[in-house]
Structure formats: C-alpha cells, structure tokens
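To start, the structure itself, in structure tokens.
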Amino acid sequence: MDYDHLAIEKKWQAIWNKKKAYKTKNSGKKYYVLDMFPYPSGVGLHVGHPKGYIGSDVYARFKRMQGYNVLHPMGYDAFGLPAEQYALEHHIHPRKAVLENVKTFEGQLHKIGLSFDWDRKVDTTDPAYYKWTQWIFLKLYESYYNKEKDKAEPISELVKKFEKRADWKAKTAKEKQDELMKYRLAYEGYSEVNWCPILGTVLANDEIVDGPKGPVSERGGYPVVKKEMRQWFLRITAYADRLLTGLEGLNWPENIKEIQKNWIGKSEGLIFSAKVKDTDITIETFSAHFEACYADTFFVIAPDHPLLPELLDGIPNREEILRKSKEIVDRRSKFADGEYKEIEGVFTGRYCIDPLGNGNLPIWVASFALANYGTGIVKCSAHDERDFAFAKKYNIPLKVVLIPEDESLRGDVISKKVCFSDMTKGTLTEPIELKGRNAREARGDIIRYVTSRKYARVHTTYKMRDAVFARQRYWGEPIPLMHDKEGIIKELPEKSLPLRLPEVKSYMPTGTGESPLAGVKQWVKKGLETNTMPGWAGSSWYFLRYMDPKNKKVFADKKAIKYWKDVDMYVGGAEHATGHLLYSRFWNKFLMDLNLVVTEEPFKALRNQGMIIGTDGRRMSKRWGNVINPDEVIKNYGADTLRVYEMFMGPFEGSLPWSTDNIIGSRRFIERVWRLQSKVSNKQRMSKVPFDMRKTAKVSQNLEVLLHKTIKKVTDDIQNFAFNTAVSSMMILLNEMEASTGSAQENGIRKKDFEMFLKILNPFAPHMTEEIWKTLGHKTLLVLEKWPKADKKKAREVHVKIAVQINSKVRAECIVPAGAPEEEVVALVKELPDVEKWLLGKEIKRVIYVKEKLINFVAI
RNA sequence: GCCGGGAUGGCGGAAUUGGUAGACGCACACGACUCAAAAUCGUGCGGAGCAAUCCAUUGAGAGUUCGAUUCUCUCUCCCGGCACCA
C-alpha cells in the first residue's frame, strides 16, 4: 500500500468535482469565506500565492464540516493595469490574454485541492458582470450626500430644493450641471494627478514606488510626474466619518484598522475667520493645534490656492508674486508626496485683521501650505516648527504665549531662540483668563473661549481625498456617459447597458494622455466618455455578485443578499488596507443607503496572510531566480504536503522564507498517517501505565484523553487562524498513536479514534484522508462529514505532573491526582528525596500552590 | 518625525488572566536494519561533566514579584504604515 500522492490527488479532485461536493446550497446556517479577488497575471503562481487560499480553504472546509452552508467562491479581477500591461508586452488582445491566464491560473488552483464552488465564478471583464459595475457608477452619478440625513439620496431630491431658489431657474443647463457636479457622488473634475508619460496613464498613489531619481510606476519603473487632467472622481470623503466609525466593531487585525484610521485622518479643530484689510475678502483658516492661538503673528496661503489671484488684486507686484508662487508649485510637483521639504515663500502685500485682536497680521505665500487640506490658509505662530522656521527665514515677528514647564528650556523659548510646540508640557500666558493653565488641559476651555466670542467655530477635517475614478486606458469598464456638443452630460439608459468596449486597432496608450477610445470614430461621434474605470472598480462590489452570480435582472437578488448578508471571513494581503478595503466599504455603504444591501459593513472578519519569500530571503521573483512553482512541489511531494507545510511553517500572518529542507517534515507526517491505517483495529486498547508525553509536562491516562484534547485544540486553533499549532498538535497525537502501537504492546488504534483524527486532519490534507476514509469502508465523502466534538469528560487527565520548586527553582517533579487539594500535594511532595534534600536545615516560610501546575516552597 | 508591530537554540517557530522556557518540525550526531546506500525506526541535541550534579538563558539595562518571554520604565535594532495634514 504505497502512498501514491499523484494518483490519489487526481482521483479525489475528479470525484469531488463530479459529485459537486462543494456546491453552495441556498439554505441552512450560512457562512461566507472569501479570498481577495486575484489578478490572473499570466506568469503563473509561485508558492506564496496560494498561502492565503490554503488558509481560507482550511477554514471553509472546517466551517462546512461544522454544518454551515458555506459560500467559498473564486473569480478574477482581470481589468486594470497588470492585465493590460501583460497584454501589451505579449502583443495580444487583453481579453484573449485574460482568458489564457485564467486557464493557467485555474489549472494551478485545481491541483491544490481548494474547495471552491466554481459554478459561482465571476470575471470583471465579462460584460455580464461589468454591466452592473456601470450600473452602480450611474447610481453614484445620480446621487448626492445628504448631510442632515447622513446618507446618500437621489440628486433629484437636491434639484427639487434648488428649484425653490429664484436664481436656479435663471441658470443655463450648463450652469446647472456645473452646480450639481459639486454634489454628485461621481463627479467630473480637474486635478493634479500622477501622470506617467511612458505608460500614457494616470496612476493611483499605491501604483507608484520610489525610484532613485524620484517617483516611478510600480509596473515597469517609469518616471511619474504631476499633471493637471480631466478626471472622474468618487466622493468617498462624504463617507469619511462612517468609514471611520464603522471600523470599531470589526473583527479585523488591529494594524489594518489603524492604517485605515490614519488614512482617513480625522482631525478636529477650529476655523477662524478673518477680514483681509483693504478688501472685501474674508479668509478662513483651519487649526487643530489652536491652544496657542494667541501667539499667531502671520498667515500663510498655499501657492496654488484658488483665492490667491483675487487676494492679490490691486497689489503692485501682483504678477511677480503669482510667478513666484507658480515656481514654488512647479518645484514641489517634481517631488513625490512628502519629499519636498524646502521652506520658501513670498509676501503678498496683504494683511489680515486678527480676529483675536492682535492687529494687522501679514499674509505670506508659503511652500508648506497645502491647498487641499483644511482651508488652504494657515494662521501661524512661534509654537509650530515650520511656522517658526519660516518666520526666522523671512524675519517675521514672533510672539510667545506658551511657556515650557521645563525650566531649562524657558530662557531660549522666551528669547525666541528655539521653537517650543509641545502643548502637553507648556503653560499659557494668553488669553489672560486662561493664564497659567497647561495648554493641552485647557483645550476645551479655549474652544469655549473663542467660539463663545465668535472668533472661531469648531470644524472637523480629513486627510482622505476623493478617489480618482478614471484611467486613460483601453482595458477597463467604459464609463456609461455621453457628452453632447454643448458639453451637457447624459447618462446611458439602463437598458442599453452594458456599454461594451469597442474593438480597436490599437489598444496601446496614445501617449497624449487620451485613452485609445478617443481614437475610435464611432465612439467619439456618439460623444461617449473616453476615460475608462480604474482597476479597483469591479473589485469594489464582487463579494455581492458571488451571492447571486448569474442574475441578469439585478446585480444580485435581494433575497440572496438578505440570506448571505456579508462576508464572515475575508482573507487577503495587508497591502489592500487603504485601497480595495476602503473602496469596497464605501460602495457597500452607498448601496446600503440605496437600500440595496442589508449591512453597513461588508467584511465582518478579516485575516491577512503573510508572504512567502525566497530561500535567499528576497521576494520571490523571476528577476532573482528564486521562484518556487507550486506545480513542482505538488508533483514531488503532493498537494496535501504543500498544504500542510504552508500552514505549518509559521504563523499565518507572518512573512517567512520557503525552505526546501523543512517541507520534508510535512511529507513525513502525511506518510506516517498513511502507514498508521494498517494499525487500525477494533480491539479496545487502554495503556496500563500513564505514559510520558515526550516531556511535555502532562501525563495522559490513555490515548483517548490526548485525542479529545487534540480535537479541542485543533478546533480552537483553526477558529483563530493558528494553523501552525493545529498541525503541531496533530503531530503530537500521531507520535502518541504510533508509540502506543509499538511492537511491545501489539495493540492497534481504535478505528473510531483514528477516524476522528482523519476528520480533523481533513481540512489540511483532504486527499489522503479521503482515500483512507474510503479504505476503512466508508461510502460517504469525508469532506462532507461532521466535525468531531471534543468530549470534555474524556479530555480530562486523571493525573498531572507538577513542578516542585524550592525558592522558585525547579528541584523535582511529581505526579499527582488531577485537582488534588493543596494539603494532599504538600504531603506527597515532602516525601520526595530531592525535596527533603533541598529543604534540609531550612524553615518553610511560605507555600505557593498553583493547581495542576506547580508547588513552590519559600524556605530560608 | 509620527503611528503600529516585533526581537526566544544552528534554523522555522511554541508557550502570556505572571506559574516547569524551548512544544512541533528541520538540520546535525550516534545507534538499529542493510553487502552497501536511500528510506524507515530508536536515542541525543543551551553549556560543562562518564555521572550525580552545576551553571546560563527569551535584544540590552533596571524595577515589581515567591516566581517575569509575559507587567512597568529606559535604551538598541528590525519590519509595516503615514509623512510639509497646520
């Protein structure tokens, strides 16, 4: 009975497939286990890719055996840059390339023995799918965010309100369109974007990496510069607060929540209004660190602030200031975000009347002021590092109102030699009413002080920006909008969806910035939008399509949505923390507002799989020649071994190097289980003596105790994604099963016990366990068997080994009845020769007894 | 700079309401089987010692405690995220 992994695995994969063992049902207690939508990249998988799939598969199988109706689907996100880039490199049509890649990809996944319900496969590039992506886009376009109701509403509701205004009727169609564009959740606008001239496309921040000479595209490593372009945007910022508060109840890794929190960047502060002297302009400034606001002595405005030209009207050297501001913007745009640290500026010639009564304060243009954060204008003081440095450079007067509690610093701060900005460690001198108070502690009082006097109002701002939702490329969902000659935008009617991508002669980027669609006469003649959607469009809602993947009438039937509700367990890479995960949550919340889905948060639990890196410690890549192909591993060791090894190598979320040596351990484990089947007997077997569990500190009364303990451990571990310790506890069980069938005892393993072992091992090694299950005479499929329950009574030891310590040093060990009271244990232990020896001539001062763990004599 | 996570044998790692550190696996050494090798099985594997035994020990240093990988403080290094965010 040799273990022929190739034959066994092929055989069972075919049987499971034929019997539709993993077909999702439509009733019962539901459980939704989802993997992040992959790109079928074409170069094939390396052993790192399936790690997440194996983890989620173990989990899905576990839940299935626990009696849940499990939805565990797989599909492809084949739109977007990687697929298009691959197609360009290989000179074939993207769709053709996608289908080829999917074939390769699927073939590789099948060999691993993953329990997907392939009948629910979806593909973003399939018009039957992207029809609904376009449909959701139109819904976003037709909606605005009603702040009072804190939810999205049809834009028609807003139009109704506007129609009550006298000036609305007087507006032209174009003016109305422009006005409404300020509210739509999908809107057209212009913005500075990351432009890659060589790829001829705009890139998202997460598609850019740092190169030696500035930012470059992640794919290809081509230079990236800033460029102003016409774009479509999604108003994700409208949902900023809900995206933030929604994180609270989620069973997600804390670090991912933290990353999203920082990304959203909620900041509560004050907005001050100030009149600009000699003009009718009133400017506003945002400040989150306003405790020392009485120190403010000047204002700065962003060089690219839209108000700047107006502010400079009537200033003699207006053109010179505008030119210098433009220079600053140009210099800044050459750098990637955050790399430009130069502090420079120019005086505008204007003054503000300080709302706090400190007279006329100069307004400067400053390089460090950002037009798109806060109000783009900042009130500046001596108690901010950048403001301080700026003032020193241009000799702007400073004022000190925050005195450090640390006396050694005081002199330098008061004489303005150094900047002091730590609100938590300084006391205020102004306003007089709050003099002597710690600045941070007085924060609330300052808010009351300035707001009650109408100097400022409370305001919340976010770092998060609206998402660019357009690419100047061919391979994406067409945006279902038309522009007529007057520039009026019309939506395509729902019945004309999907708006299919046209066949084109060249799907290469034009390089001028326009999409290849701009070169399609028919397309342009109809006035169709030439931008396409970005790569993340289709993946922002696919988890809903899996609930009802074939539906032709709606994106997913409400009944299916009500049943499946949300993803119970989502598994994927941590790199999607601020991209996909945020966008999906946003789309889901929007659909929730439209009453189309039933939960505010789509992903209840999330787990991140770590990477598998090369044996050389580098990221697996063709470039380093360190790629391990799973097909090879499966050929040599088997899919079961690959699965067990990837789960056993270390913590699921950890990043670990592949080891060609270590995998043999997992193979040996599989083979030993295989060989153990010949030892199965129905003879009742009980050890006569408690055996030593390989010095693991506990004593098992018999194998049954260990078996039930192992069932409990494996159940808990899979639930916690602690797959490595689940495997190791089964290795311990195997060791003991083998030991108990040694030649001396001539005993077999009880069939019933062995079968329970097979069941808990099945999610990890489904093929081999299924084969043994059949050999044992079963006609049913093991993968559909019930998960065993650990019997609490049976999992209980009768005797336990405890440590005996004298003055906290272990001097002996002792086997005592489980749950024995202290007096009994003390009496037992004192008999031990080692204890007598160590206690000789000493007086016991104290005895500490930890039940079933240790006893410690404190003796002098 | 700010935020988050981490550092345990030759290696991957295990153990935290504070309770025998090093489970499990790999590598290595020795033994059994074999003409031999592989595979398999057995034993050992922090250091010293034939042994009894002794000593050290969870990045470094201090503290709390009968007892610290686990809690507190200081520091070093590594990884991830954000970064002119007012």
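So that the names make sense, note that chain A is the first sequence line, chain B the second, and so on, each numbered from 1. Since the model is a prediction, treat every value here as computed from it, not as a measurement.
- B/U69 is unpaired under the criterion used here, namely a Watson-Crick or G-U wobble arrangement in which both key atom distances are under 3.5 Å.
- Residue A/W252 is out of contact with every strand shown, counting any heavy-atom pair closer than 4.0 Å.
- Nucleotides B/A38 and B/U34 place their P atoms 15 Å apart, quoted to the nearest Å.
- For A/N662, no side-chain nitrogen or oxygen approaches OP1 or OP2 of B/A27 to under 4.0 Å.
- Considering only side-chain N and O atoms, A/R386 lies nowhere under 4.0 angstrom from the phosphate OP1 or OP2 of B/C84.
- Residue A/N608 places none of its side-chain N or O atoms closer than 4.0 Å to OP1 or OP2 of B/G80.
- Here A/R465 lies in heavy-atom contact (under 4.0 Å) with a base.
- Not one side-chain nitrogen or oxygen of A/R668 sits closer than 4.0 Å to the OP1 or OP2 atom of B/C41.
- Only the P atoms considered, B/G13 is 10 Å distant from B/A7, to the nearest whole Å.
- Pairs passing the salt bridge (charged side-chain N to carboxylate O under 4.0 Å, His left out) check and including a residue from residues 660-670 of chain A, sequence neighbours excluded, read A/R667-A/E671.
- When the P atom is compared between B/G6 and B/A86, the two are found 27 Å apart, to the nearest whole Å.
- B/C71 sits 24 Å from B/G80 when the P atoms are compared, rounded to a whole Å.
- The residue A/I664 sits close only to the backbone: its heavy atoms come under 4.0 Å of sugar-phosphate atoms, none of a base.
- Heavy atoms of A/A366 sit nowhere under 4.0 angstrom from any nucleic acid atom.
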